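Following: one structure in structure tokens, then a few remarks.
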Amino acid sequence: MRFWIFSLGLALALFIFIARRKSGGPSRSIPLLLGAMALVFYTALRVVFPLLPMAAPTGPAQVVEERIFYRHPTAFPAMATEGPYREIPLRVYRPRELEPGAHPALIFSHGSFGVASSNETLFHELASRGYLVFSLDHPHHSFFSRGSSGKLTLVDGAFFREVVASRGGEDPRRTLEELSRWLGPRVEDLNFILDELLDGAGDQPLEEMVDPEGIVLAGHSLGGSAALALGRERPEDILALVILEAPFAGDIVGIRGEEFLFVEEEYPRPILHIYSDALWGRMDEITTYGQNVRLLSAQSPKFSNLHLEGVGHLGLTDFSRTSPLLTHLLDGGLDEKSPREALGELNEGVLEFLEELEE
């Protein structure tokens, strides 16, 4: 029997005991009542946030996780963390044994209100197979991030309200303004990290371990859009992209009537785009995803599209392990598969794509 079930049973027993007490007065019942309430609260937390264990990675390498920080001047003062600068916290997932210049790298950007550990099941899997995974916290876009000084930065209130109130394709002009505003600091962060990995300066020891010919950009939702925008700008510096359900927001060049206009030129690098039931089969109804629809019908071996059935938008992340209940509710009941099964299928799709790139 799980411990939280035992806790709930104990709490109920205490409530019944308190209710049946004939003597002793209320003062004696208060400690028991507080204890019962604490057990109920603990049980509720365990039900809502069970923190399900992560599947063990299947690669041969032992995985090490560490934190590093980069600091750069920003063109977005409202998104600064200290004066004119943004400090970017990163979680790095890597094999324990490293060899200079030998490791492919994946740079990951989380979705709106996400965190750097948002897809750690995938990150551990890749690190166990020799990858260096650099996953960013985007301060003010991340639900919370902690800088090198320990300072906590919470999600920006204006950004939070805009995302929650966004009407998507229903108001193209407003949506285009919002997407441009949201993408700016994220692309700036990714651009800076990519520069650091390629400049040869070795500001961080791990930079010297990266194979500069094997850099993959990745992201979920808004983070995927930022990765796609940077991939369009700097195709010569990346090998490919792994995108978890994101529109090509950076490819929008205008509006005609109520529809977005996109760059006509073919996307320059290979993409694996993974979709959930939230969008699969209905992207042609959402003008923001016009470029996605075009690539789905392109029939080009350069572009791979994977549909994970029985999974919602948040189910593509490890939030499903943290709280399967909230994930299911926020995804509108789409998450029918267990987190272990869904994230396992996602890992398999990514590994197959990356292995084909190596051939």
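Computed from a prediction, not measured in an experiment: that's the story for all the values here. Computed over heavy atoms, backbone and side chain alike; hydrogens, waters and symmetry mates excluded.
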Q | Contact summary for Asp137 and Ser142, nearest pair of heavy atoms | A | OD1-OG, 3.2 Å

Can you confirm whether more than 12 heavy atoms, excluding those of [X], are under 6.0 Å from its [atom1] atom?
X	atom1	result
Glu265	CD	no
Phe143	CZ	no
Lys302	NZ	yes

Q: Specify whether Tyr275 and Trp280 have parallel, tilted or perpendicular ring planes, treating 30° as the upper limit for parallel and 60° as the lower limit for perpendicular.
A: tilted

Heavy-atom side-chain proximity of [X] to [Y] below 4.5 angstrom:
X	Y	result
Phe248	Thr288	no
Leu308	Leu316	yes
Val311	Ser320	no

Determine whether a donor-acceptor pair (N or O, by modelled atom type, separation under 3.5 Å) exists between the side chain of [X] and the backbone of [Y].
X	Y	answer
Glu196	Asn191	no
Glu259	Arg256	no
Thr327	Ser323	yes
Asp251	Val263	no
His110	His138	yes

**Q.** Donor on one side chain, acceptor on other, Glu87 and Ser148, under 3.5 Å
**A.**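 Yes, because at least one side-chain N or O of Glu87 sits under 3.5 Å from a partner of the opposite role on Ser148.
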
Salt bridge check: are [X] and [Y] linked by an N-O gap of less than 4.0 Å?
X	Y	result
Asp318	Arg321	yes
Arg94	Glu66	yes
Glu125	Arg129	yes

